[in-house]
Student: 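The following block contains the structure, expressed as C-alpha cells.
The structure displayed is predicted, hence computed values, not measured ones. Counting starts at 1 for both ligands and their atoms, following the listed order.
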Amino acid sequence: MYTEKVMDHFEHPRNVGEIENASGIGTVGNAKCGDIMRMYLDIDENQTIRDVKFKTYGCGAAVATSSMATELVKGKSIQEAMKITNKAVMEALDGLPPVKVHCSLLAEEAIHAALWDYAQKQGIEIEGLKKPKSDIHEEEEEEEEY
Ligand code: FES
C-alpha cells in the first residue's frame, strides 16, 4: 500500500528533533485524527532556510511526508519553500494512498505556520502566505468517509 520511499522515510525519518532559538516554529493539528505536527526553521539573514527539524504525534504517512518536506525545504529560500506543496511532497514520495492524502497537508501547513511565525518575528510579509489555521482542510477528509 505504501511506496518504498514512503516506507524509507517512515522508518528512517530525516530531520527529526527541534531547533533551539528557531527563527520560526509552527504547530498544526488535524482535528479529526488528532495528529499534531511541529516544524522548526532556522533561517539566515539572506532568507535561506539553513536548517529544519520536525516533531510529530502523527501517523506513518505524516512522518514520511514531513520527513520528505524537510528535505525539500532545506537550503531553499523562503519563496521557494512557499512553492513546496503537499502534492510536490507526495510526488517526491512516489505517491500516497488516497485515504492518507490529508496527512501530507500537516507538513505543508506546519511549514507555512513556521514561516508565518518567522515573518511575525521579523516584521515582514511573505508573498502568498496566509495566517495558519489550526485545523486543516476538513473538505479533504470528507472524501474518505464512505
Ligand atoms: Fe492523522 Fe495521518 S491519520 S495525520
Side-chain angles (χ1 to χ4, degrees), residues 1-43 47-121 125-146:
M1 141 177 194
Y2 287 120
T3 67
E4 259 173 50
K5 280 192 190 160
V6 173
M7 289 310 293
D8 178 35
H9 279 263
F10 171 53
E11 280 167 17
H12 312 283
R14 326 304 198 255
N15 307 307
V16 173
E18 32 188 293
I19 296 175
E20 235 180 280
N21 303 318
S23 319
I25 301 174
T27 309
V28 295
N30 181 308
K32 283 202 180 156
C33 63
D35 290 346
I36 293 171
M37 178 73 57
R38 180 167 294 158
M39 211 48 94
Y40 300 81
L41 296 176
D42 176 21
I43 301 171
Q47 300 195 335
T48 300
I49 299 172
R50 208 163 23 192
D51 199 10
V52 47
K53 294 256 190 282
F54 79 95
K55 272 189 164 177
T56 187
Y57 298 96
C59 70
V63 171
T65 47
S66 305
S67 168
M68 181 54 93
T70 59
E71 292 278 273
L72 293 176
V73 300
K74 208 184 220 177
K76 301 275 164 56
S77 69
I78 55 179
Q79 275 75 25
E80 287 168 326
M82 281 295 297
K83 291 188 202 129
I84 297 168
T85 60
N86 73 307
K87 289 201 177 66
V89 174
M90 285 193 294
E91 273 166 28
L93 287 168
D94 298 333
L96 272 182
V99 294
K100 288 285 171 186
V101 169
H102 75 277
C103 313
S104 66
L105 286 164
L106 271 183
E108 181 190 312
E109 292 270 334
I111 288 170
H112 287 177
L115 285 172
W116 178 265
D117 182 43
Y118 164 76
Q120 294 292 105
K121 285 180 179 150
E125 261 188 47
I126 298 175
E127 212 189 314
L129 184 62
K130 295 195 207 83
K131 195 172 188 305
K133 332 176 238 192
S134 50
D135 291 347
I136 60 170
H137 309 293
E138 299 267 318
E139 69 277 10
E140 292 273 345
E141 293 181 28
E142 278 163 19
E143 288 167 20
E144 63 190 68
E145 275 171 14
Y146 42 81

Student: Mark yes when over 12 heavy atoms from residues, nucleotides or ligands other than Y2 sit less than 6.0 Å from its OH; otherwise mark no.
Tutor: yes
Student: Not counting sequence neighbours, list each pair that qualifies as a side-chain hydrogen bond (donor to acceptor under 3.5 Å, both in side chains) and has a residue in residues 10-19.
Tutor: D8-R14, N15-T70, N15-E71, N15-K74, E18-K55
Student: Any idea which heavy atoms bring S104 and V101 closest together, and the distance?
Tutor: OG-O, 2.6 Å
Student: If a pair satisfies salt bridge (charged side-chain N to carboxylate O under 4.0 Å, His left out) and one of its residues is in residues 88-97, list it, with sequence neighbours excluded.
Tutor: K5-D94
Student: Around atom 2 (Fe) of ligand 1, how many protein N/O/S atoms fall inside 2.8 Å?
Tutor: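 Number of qualifying protein atoms: 2.
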Student: Does any N or O in the side chain of T3 come within less than 3.5 Å of the main-chain N or O of L93, such that one atom is a donor and the other an acceptor?
Tutor: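 Pair found, side chain donor or acceptor close to backbone of L93.
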Student: Who pairs with D42 by side-chain hydrogen bond (donor to acceptor under 3.5 Å, both in side chains), at least two apart in sequence or on another chain?
Tutor: R50
